[in-house]
Each structure stands twice: as C-alpha cells, then as structure tokens.
Amino acid sequence: MVVIDECAQAVEASCWIPLLRGKKCVLAGDHFQLPPTILSQEAAEKGLAVTLMERLVELYGDKITAMLTTQYRMHQSIMSWPSQCLYGNQLEAHSSVAGHLLHDLPGVTTTKETSIPLLFIDTAGCDLTELDTPSEESKGNEGEADLVLHYLRALLAAGLQPKDIAVIAPYNLQVRLIRDRLHSLGGATSSVGGANPLGLEVHSVDGFQGREKEAVLISFTRSNSKGEFGFLREQRRSNVAVTRARRHLALIGDSETVCHEPFTRGLVEHCHRHGEVWSAHEYLNDPSFERSTYYQPKTKVKSQATEQSSKNSEASESKRTVRRKAVVPKQGRQPNTDGGATLASNIGVESKLDDAKKEDSEVESKFMEQLQDFLAQSEETLLSFPSTLSSRERQIIHQLCEGLGLLHASVGQGEDRYIQVRKVLHTTVSEKTAVTETSSTKNTSHQHQGSRLEHSLSCLFYTCAAIPVI
C-alpha cells in the first residue's frame, strides 16, 4: 500500500512515481487549501494545476472519500464559517477547544481583546487607503500596519506571549511594513523566517500554511475606490489564512473593499452573528496610537500608465504562484455527506444579505425615532442603550449619531458593554472660560466618541482535513 500525505499540494505527475510501487493507495490532504505552485501559466491552464486528489474527488465523490470531521484547533466561532462555506457544515470543534479563549492561557489577563474569539476591525471611512505603489513594490497599507502594531501592543500588555502570536498579510510589501514596525516591540526583525527576537512571526498566507498560533491577526491590505481585493479572492487562500488561529482571530480591513467579493462579503455577516465588529476609529482616537512613516511612496500622477502599472503589480506577483480555481460542483449537486465537501453557493449568501438589509432598515427606523425624540427633549442630555444589543444594532446607532451630530461612545467591558449618547452642549463665552480649566481632565472620556462603529466584514475559511481514501 502507498500512502501520500498532503496530496492536495502535489502535482499529479509526482504522485504517480510512488503509486507505481503499490497495488493500493491512500491519498490524504485537503483540497480546499492551497494547491501546488505552478510556475508556468500555460502548463497550469492545460491541466497541471489540477491535483490527483481534486480530479478523483470530482470524478467519484462520496464513493471513495472519507472526512475527518472533528478538529482540535479552533474555537467554534472561528471554525463555523469555513465549515458552512466549504465543508458542508460537517466540522465539529472538540470539547477541549470549542470554547477556549486567550484569557484562559496562564498569565493572560481578561481584556476586551482576550475575551472574544472573532473580531473584525473595520477601517471603512478612516482614510486608511492602500499605497499607490510602483508595480515592482507589491501592495501595502501604512495605516493598517500601524493598526496591527497597536493591536499587538494590546495583546502583549494583556500578558500574551509573542511566540503565541502571528500576523498574516497577502502581500510581501505589507509583510515588510509590519516587520519594520516590530522594531519598537523588541528589536529588529529577522530577514529569515519572519520572526523577530521576541518570537513574533509575520508571514504571507503561503508562508504560514500548515502552521497555527493562539492568536492570529490578518491585514487584508487592500482599500481602494475600485473595490479591488486582490489575492484573497481565491477562496482556498482565505480558508488557509483564517484557519491558522486557535483562540483568537482579528481581521483588519476596509469592509467597503472586502465586500465587493461575494465570498468575503459573507464573512461580514458571520462576524456580526458570531463575533465582534469594531470601527478602527476606536483605536485611531486612542491617545497612545502612533502613526509611522517607514515607507514613503513616490509621488505619482494618475494616468493610464499608472493604472496599468497597478494591474502589472498583481499580475507579476501572481505569476509566482499560478493557481487553478477550485473545482466547482455541477449544477444541483449537493454537498458530500461523507467527505469531499463542495464549495458553498454564493446564491445563499446573497439571499442572507438581502434579508439582513431589510432587517437593518427596520432597526434603523426604530433607533432613528428614539434619537430624534431624545433631541426634541431639551432637558435630557444623556441617552443610554442596553448592553443586550447585537453588534450590528450598535453599529447602526453609531452611524445614526454621526449623522445627527451626537456624541457617542461604547462604555464597559464584554457582555456589559453598552452605548451612551450625549448632546453637544452649546455654551456661552463665560461658560467656555469656566470649563477650560477642567476640560483637560474630562477630554479623555470623549476621545473614543467614534469607538466601536460596528460595521461589516467576514468571510474566511477553515480547514480540517478532508481525507479522500482511494
């Protein structure tokens, strides 16, 4: 018998060398993770990118496949999205990992970051756009890199060990920008392996496949008016990125760009339902937030040549890893029940989003009525919303307050966190003079008036070993 492990990452030709030595074989692997690297575009298009595992699963499906359904890595909130989208809802989290969180680790204190398994930090509306870089410079985002550093400081301050943290970015330039910022966290970053002397690793998606960490931060990088999302459009790449995390997954990105892709737009809904969605304003307004200027792009005039250069950037980087799209199931085919699960239908995602929009409209009308009544009552200066609201409901309140010119802030920790809304008081000249002396001590409470703007994101994926047995 011949057993080939990680068969989904091997070209078919290489598999036939050992297969000729045996009468039976077992192919083990997950064809919903990254496939083998094919350098020749022509060879990939002519079939070399299709692995033996993919081809046999497509030909024979349930007849030859068996799936390991219990996973021992991820919190169930992280696992549930890839399970639903890629593995036919068959994955289960073992009881030893289903509810584990960062604050369960020795020496880690309970904070808002260590108390949740799934978080999306939305940079929409924060003016953290990607760099307009030359084609040879790949893609980077200075603002997101600064956010990553700020979030890392929060995790380290809570007692999490650097060796238990990883940062993943889809572009090599973004990886370099983040590594540069790690100087301030304990020394220069190593050019080999992506780790600094602290043991904190920064890698591309490809560089971290097969690994895991207690906490994983993903910087989506792309933020542009065209909605170009880049490499994470490939579902298997997103699956690998998300499923590296054990107890905590933090996603940083622009929801307006991310949601241009139906697959990743579904992740937004998942974060709203099973995690937290905060606005980047909550961190940008923090007095301790530091903006860095490690990378200075050349000033460029927008032209047809510039736009073509941007397209060439994506093409040149993708040539290094030419991928074939995952096998799409035939029309009407149901997900395999014993293994070889098929890709989820985007139609279902679209339907859920339409329902969510209708529900949002109703919720928005209800909260708008409450806020307008609050404004009409001249004697009332403070309005508090209950802590039982969902993350999406809190986001809507923050957005409405912005439009109405009201001060708004999230107060409290964890399940006790709620929103306070205040009116902007107009004082006379004498009143302003009297207030000036004490304002410096009170301003801190209003630094976060843009905090936790619950927004959208979500979609990323997990991988539990779909093991076809042949």
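These numbers come from a predicted model, not from an experiment.
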Query raised in the report: Do Leu389 and Ile397 pass the side-chain contact (heavy atoms from CB on, under 4.5 Å) test, and can you show the C-alpha distance, the side-chain angles, and the key distance before you say yes or no?
Result: CA-CA 10 Å; Leu389 297 179; Ile397 292 173; 3.4 Å; yes

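- A donor-acceptor pair is defined here as one N or O able to donate and one able to accept, closer than 3.5 Å; such a pair exists between the side chain of Arg179 and the backbone of Val202.
- Within the 3.5 Å criterion, the main-chain N or O of Ser77 finds a donor-acceptor partner in the side chain of His270.
- Distance alone, capped at 3.5 Å, places no donor-acceptor pair between the Gln71 side chain and the Met79 backbone.
- Applying the side chain to side chain donor-acceptor pair (under 3.5 Å) test to Glu214 and every residue at least two apart in sequence or in another chain returns Arg246, Arg247.
- The OG atom of Ser204 sits 13.0 Å away from the CG atom of Leu173 when rounded to the nearest 0.5 Å.
- The side chain to side chain donor-acceptor pair (under 3.5 Å) test applied to Glu6 returns Gln9, not counting sequence neighbours.
- Aromatic ring orientation, Phe32 versus Tyr87: perpendicular (interplanar angle above 60°, classes split at 30° and 60°).
- Using a distance-only test at 3.5 Å, with no hydrogens or angles considered, a donor-acceptor pair links the side chain of Thr264 to the main chain of Val258.
- For the pair Leu147/Phe289, a side-chain contact is recorded, criterion being any heavy-atom separation below 4.5 Å from C-beta on.
- Here His100 contributes atom NE2 and Ser95 contributes atom OG; the two are 11.5 Å apart, rounded to the nearest 0.5 Å.
- Across all their heavy atoms, Leu91 and Ser83 have their closest contact at N-OG, 3.2 Å.
- A donor-acceptor pair is defined here as one N or O able to donate and one able to accept, closer than 3.5 Å; such a pair exists between the side chain of Glu144 and the backbone of Thr221.
- Between Asn89 and Gln84, the closest side-chain pair of non-hydrogen atoms falls below 4.5 Å.
- No option in Arg211, Lys163, Arg244 other than Arg211 meets the salt bridge (Lys or Arg N to Asp or Glu O under 4.0 Å) test with Glu201.
- Taking every heavy atom of both residues into account, Ser96 and His94 meet most closely at OG-ND1, 2.8 Å.
- Remark: the backbone N or O of Cys126 is not paired with any side-chain donor or acceptor of Thr123 at under 3.5 angstrom.
- Looking at Asp104, its side chain does come within 3.5 Å of a backbone N or O of Leu101 through a donor-acceptor pair.
- The nearest pair of heavy atoms linking Cys271 to Val277 is CB-CG2, 3.8 Å.
- Residues Ser40 and Leu48 fail the side-chain proximity criterion, which asks for heavy atoms closer than 4.5 Å.
- Residues Val57 and His31 come closest through the heavy atom pair CG1-NE2, 3.9 Å.
- Side-chain contact check for Pro36 versus Thr51: some heavy-atom pair is nearer than 4.5 Å.
- In plain terms, the two heavy atoms of Leu160 and Ala215 that are nearest each other are CD2-CB, 3.8 Å.
- Arg153 and Glu290 are joined by a salt bridge, as a carboxylate oxygen and a charged side-chain nitrogen come within less than 4.0 angstrom of each other.
- For Val148, the side chain to side chain contact (heavy atoms under 4.5 Å, CB included) test picks out Leu152, Val167, Ile178, Leu217, Ser219, Ile252, with sequence neighbours left out.
- For the pair Ser115 (side chain) and Lys112 (backbone), a donor-acceptor distance under 3.5 Å is absent.
- The NZ atom of Lys226 sits 11.5 Å away from atom NE2 of His260, with the distance rounded to the nearest 0.5 Å.
- For the pair Arg237 and Glu261, the salt-bridge criterion is not met [side-chain N within less than 4.0 Å of a carboxylate O].
- A tilted orientation is assigned to the rings of Phe120 and Phe220, their planes being inclined by 30° to 60°.
- Leu56 CG to Cys7 SG: the interatomic distance, rounded to the nearest 0.5 Å, is 8.0 Å.
- A search for side chain to side chain donor-acceptor pair (under 3.5 Å) contacts involving Asn224 returns Glu130, not counting sequence neighbours.
- Taking 4.5 Å as the limit, every side-chain heavy atom of Val97 sits out of range of all side-chain heavy atoms of Arg73.
- Counting heavy atoms from C-beta outward, Lys139 and Gln174 have side chains that stay 4.5 Å or more apart.
- The shortest distance between side-chain heavy atoms of His150 and Leu284 does not fall below 4.5 Å.
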Query raised in the report: Yes or no on side-chain contact (heavy atoms from CB on, under 4.5 Å) for Thr129 and Ser223, after CA distance, side-chain angles and deciding distance?
Result: CA-CA 5 Å; Thr129 56; Ser223 176; 4.2 Å; yes

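- Residues satisfying the side chain to side chain contact (heavy atoms under 4.5 Å, CB included) test with Thr114, not counting sequence neighbours, are Leu102, His103, Val108, Thr111, Ala158.
- In this structure, OH in Tyr72 is found 10.0 Å from CD in Glu92, a value given to the nearest 0.5 Å.
- Side chain of Thr257 to main chain of Phe229: no donor-acceptor pair is present (N/O by atom type, distance under 3.5 Å, no hydrogens or angles).
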Report task. Apply the test side-chain contact (heavy atoms from CB on, under 4.5 Å) to residues Leu19 and Ile4: give CA-CA distance (whole Å), side-chain angles for both, the deciding distance (0.1 Å), then the verdict. Result -> CA-CA 9 Å; Leu19 287 176; Ile4 302 179; 4.1 Å; yes

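- Partners of His75 by ring-ring contact (aromatic ring centres under 6.0 Å, His included), not counting sequence neighbours: none found.
- Using a 4.5 Å cut-off on side-chain heavy atoms (C-beta onward), Pro117 and Leu249 make no contact.
- Expressed to the nearest 0.5 Å, how far SG of Cys259 lies from CG of Asp254 amounts to 9.0 Å.
- For Pro82 against Asn239, the heavy-atom pair with the smallest separation is CB-OD1, 3.8 Å.
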